[in-house]
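Read the structure below first, then the notes.
Counting starts at 1 for both ligands and their atoms, in listed order.
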Amino acid sequence: MLYQSTRNKNYTATGPEAILQGIAPDGGLYMISDFSDIKLDWKELLELDTIPMAAKILQALLPDFSPEEMDELAKKAYCGKFETDDLTPLAQVGDRYILELFRGPTSAFKDVALSMLPQLMTASRKKTGMKEDIVILTATSGDTGKAALEGFHDVEGIKIMVFFPNNGVSAVQQAQMVTQTGNNVAVAAINGNFDDAQTGVKKTFAAAAENSTALNGSVLSSANSINIGRLAPQVVYYFKSYADLVREEVIKVGDKVSFVVPTGNFGDILAGYFAKKLGLPVEKLICASNENKVLTDFLNEGIYDRQRPFYKTTSPSMDILVSSNLERLLFMMSDCDSELVASLMKQLNEEGKYRVPAEMLTKIQAEFGAGFCDDQKTAVAIRKVWEKYGYLMDTHTAVAWAVSEEYKKTAKEPVIVLSTASPFKFPHAVLSALGETPAENEFDCLTQLSEISNLPIPKNLSGLKDAKVLHDTVIDKEELIDFALNKAGQAKW
Ligand SMILES: *Cc1c(COP(=O)(O)O)cnc(C)c1O
């Protein structure tokens, strides 16, 4: 099975090649062109434990790997790394279900994919006979950086470099990153904001492409959700939560369910649509946004317009105006019309907006719903769910919960809300929502939240305060490219 660029059907790649490249040479995203090529008996999956289920789904999506190989990779990625063996537990909360994706090594949902991606990359290097070292460059607004460091540290043949905005992430997030161990990791704070870090990383890619000797034989790659190797592992928990509901006799095999997904880059929810294409009986996928509601407007009106004010919200991982993975949906909903996708992406780039054809909008709306919620309503949702059901949500989950209220009123099928972060990752906002006065120091907020909720602080966060700082590099944003190229060119870090 070959993947193809969303923008040009002549750019194709095997699964391992697509994983190593991250993005197609024309800037498009690698995609499956025909889901009916994929051999997978989805009903059989429901009988499996989560890790073998993951292996089976990933093998179907990446058939260059044998079932035995993929079993091995999934075990290495997940065994003993999550709080529970089922990786992503499902909790009943009132008349809905919450799918907890945050029980991994850094308490963020990105762990699900970033635990698996290093395994897939390492195996892809072997399969393609790649000799060069890969250097992963990551700009982060907080969560991705740590999850990527955790996934890639000490992985042979791969190095990882993370840039975060100096004083622009929470104290806990900063501590998570600067205490990272490993002989292949570099972490630097940038005097600038997240966009400066992101721009610097993009420019580094361009500079390396122009000057191939600058890297001394290593190759740059990326670990964000434009990489198909990061998207594929996210398909698993949709099946897993469905299997839970079957086991608990809430539904019978074949009954439909709906998912409400807190959305930023559109990777998580797109994985849900992949699950549906693979056979999972999904009624609707509801896209939940915060005040940066570019996707709500798009799904309602068919116009994607990124020219609008950017809001900093209490759900920062969803503060995004250009959702990269939407490009893959456009490709699927246009019957793989790569010319159309290329033209829409060009319009987005040059004019800041595009409109999809009416028939395409109708198709999209048949599958996806949308809603948004501001910070105030997010806080109300946290408090209400805590007081009514004794369940503590983080701010991102709360956005989805609030959006699910309206949908739930008319839904006949079970509704599953995806939970993407532990409340302990955003203790300040969660305490405020509960009507408490958060302590000034964020580490004290962790203790405060634990005492109020009677929930334990996740282990990976509780030891942070006293962990040794191993990375204290601070650079100006203009220095990023030189720093990155120079570091990438060094054999030993
Ligand atoms: C990344 C992230 C999201 C958004 O997921 P996308 O796949 O980018 O849509 C939501 N919540 C949290 C906590 C995240 O870290």
- [ ] Measure the distances from the heavy atoms of A108 to every atom of ligand 1 and state whether one is below 4.0 angstrom.
- [x] no
- [ ] Provide, to 0.1 Å, the distance between atom 15 (O) of ligand 1 and the closest protein heavy atom, together with that atom's residue and name.
- [x] K110 NZ, 2.4 Å
Task: Proximal atoms of ligand 1 relative to P262 (non-hydrogen, under 4.0 Å) - done: 4 (C), 10 (C)
- [ ] Measure the distance from atom 12 (C) of ligand 1 to every protein heavy atom, then report the residue, atom name and distance (to 0.1 Å) of the closest one.
- [x] T420 OG1, 3.4 Å
Open item on the list: Atom CD of residue position E387 - does it have more than 12 heavy atoms of other residues, nucleotides or ligands inside 6.0 Å?
Closed with: yes
Open item on the list: Can you tell whether the side chains of K425 and E442 come within less than 4.0 Å, N to carboxylate O?
Closed with: no
TODO: For atom 7 (O) of ligand 1, find the nearest protein heavy atom and state the residue, atom name and distance (0.1 Å precision).
DONE: D268 N, 2.9 Å
- [ ] May I ask you to decide if the ring planes of F266 and F368 are parallel, tilted or perpendicular, using 30° and 60° as cut-offs?
- [x] tilted
Task: Distance from atom 6 (P) of ligand 1 to nearest protein heavy atom, with residue and atom - done: N265 N, 3.5 Å
Task: Candidate pair K284 and E367, rule salt bridge (Lys or Arg N to Asp or Glu O under 4.0 Å), full reasoning - done: CA-CA 5 Å; K284 282 253 173 179; E367 308 281 358; over 6 Å; no
Task: Atoms in ligand 1 with a heavy atom of A421 nearer than 4.0 Å - done: 13 (C)
TODO: Mark up the atoms of ligand 1 that fall under 4.0 Å of a heavy atom belonging to T263, in ascending order.
DONE: 9 (O)
TODO: Return the residue, atom name and 0.1 Å-rounded distance of the protein heavy atom closest to atom 5 (O) of ligand 1.
DONE: F109 CE2, 3.6 Å
- [ ] Return a yes/no value for F266: is any of its N or O atoms, backbone included, closer than 3.5 angstrom to an N or O of ligand 1?
- [x] yes
TODO: Quick one: sort the W42 and Y242 rings into parallel, tilted or perpendicular, breaks at 30° and 60°.
DONE: perpendicular
Open item on the list: So for ligand 1, is G267 a polar contact partner (N or O within less than 3.5 Å, distance only)?
Closed with: yes
Open item on the list: Considering non-hydrogen atoms of the protein only, which is the closest contact for atom 9 (O) of ligand 1, and what is the distance?
Closed with: G264 N, 2.8 Å
Open item on the list: Assess the residue pair N349 and Y354 against the criterion (side chain to side chain donor-acceptor pair (under 3.5 Å)); give the C-alpha distance rounded to whole Å, side-chain angles, the decisive distance to 0.1 Å, and a yes or no.
Closed with: CA-CA 9 Å; N349 208 12; Y354 61 80; over 6 Å; no
Open item on the list: Could you check whether H396 and F109 have their ring centres less than 6.0 Å apart?
Closed with: no
